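Read the numbers this way: they start at 1 and go in the same order the structure lists the ligands and their atoms. Side chains included, hydrogens not; waters and symmetry mates left out as well; all remaining heavy atoms used. For this chain, numbers begin at 1 and follow the sequence in order. Quantities reported herein were computed from a predicted structural model and do not represent experimental measurements.
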Amino acid sequence: MPGCGWVRFRLSAKGKGAWLPVAKTFRVTYRNGQWHIAFAVIPDPTPAPGTGEVIGIDRGVRITAALSDGRKLNSPQLTVRERARIRKHERRAPRAPKGSARKTAAYAKVAGLKAREVNRRRDWCEKTSTMLARSYDLVRFEKLNIKSMTRSAKGTAEQPGRNVRQKAGLNRAILAQGWGLLRRRTEQKAPGLVEDVPAPYTSLRCSACGWIEKKSRKSQADFVCVSCGFTCNADENASINVAAGQGGIPRPRRTAGAGGVTTATGRSSAREPQPDRVGIPHF
Ligand SMILES: [Zn+2]
């Protein structure tokens, strides 16, 4: 290492040692009391299985990723105890005397615990995206505008927003899921095999008969089709719709009489709440 000579390091990426001779550059960083070394290698793309299998993924707050094959994947969060420890140090830090070692240590503990959560989430995203790239020939995500979904509800001084704290909590929960990272890493590992499906109607459409009706969504968790009685977990139902792709979800016709199975009874019943307008998105 320029400046300090030979340095030992631990290879934390298990089984990736074969890549080391290929690496041309490296970067050393210091974060939260730990030194890290990263080697830059462009890996071979993850080979697609070639089975033609398609998977749909619906991302949510309760279930991070509901898969159209019925699997429900959750990104790891901090445990209750870890969160309690963060609160404890956050409480103690401001009370410690100015410039004291105790104050520095308390803030460092908070930062360390928060970094742990981020590391855990990133690790999960890496593993999950590799699994998706390896097992499917086409991965469909519902198209989300995370930026507009996590917009603050604060409003302006003249027109203050409502439920600002609740929305802030929801925003935090959304960002804590790592939705964007999961999609981005899957795309990088399986270039050209990731598709975005427009989100409207995916959560209101019956994946069995195609009927789109707001009333089918009994609760956050349950989907019961008012037309055919198909019962399913709401997130799973949405992910099956996502797997069907853009062509699989016809727009409901507004005029009655056409007799198509996807004809909605009314405009209001077929419309999904708009995240920007309502403030709280619908999952
Ligand atoms: Zn149905």
Residues in salt bridge (Lys or Arg N to Asp or Glu O under 4.0 Å) with Arg85, at least two apart?
->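 Checked Arg85 against salt bridge (Lys or Arg N to Asp or Glu O under 4.0 Å); zero matches.
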Least distance between heavy atoms, Arg134 atom then Pro49 atom =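 Heavy-atom minimum between the residues: O-CD, 3.2 Å.
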Report yes if the distance between the aromatic ring centroids of Phe39 and Phe9 is under 6.0 Å, otherwise no.
->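 Close enough - the centres of the two rings lie under 6.0 Å apart.
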Distance below 2.8 Å from the Zn ion (ligand 1): protein N/O/S atoms =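 Under 2.8 Å from the Zn ion (ligand 1) - ignoring waters, which are not counted - the protein N, O or S atoms are Cys206 SG, Cys209 SG, Cys225 SG, Cys228 SG.
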side-chain hydrogen bond (donor to acceptor under 3.5 Å, both in side chains) partners for Lys127, two or more places apart =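 Once residues adjacent in sequence are excluded, the partners of Lys127 under the side-chain hydrogen bond (donor to acceptor under 3.5 Å, both in side chains) criterion are Asp123.
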Identify, with sequence neighbours excluded, every residue that meets side-chain hydrogen bond (donor to acceptor under 3.5 Å, both in side chains) alongside Ser207.
->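 Per chain and number, Ser207 pairs via side-chain hydrogen bond (donor to acceptor under 3.5 Å, both in side chains) with Asn237.
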In this structure, which one of Lys189, Arg185, Gln188 forms a side chain to side chain donor-acceptor pair (under 3.5 Å) with Ser129?
->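 When Lys189, Arg185, Gln188 are each tested with Ser129, the side chain to side chain donor-acceptor pair (under 3.5 Å) holds only for Lys189.
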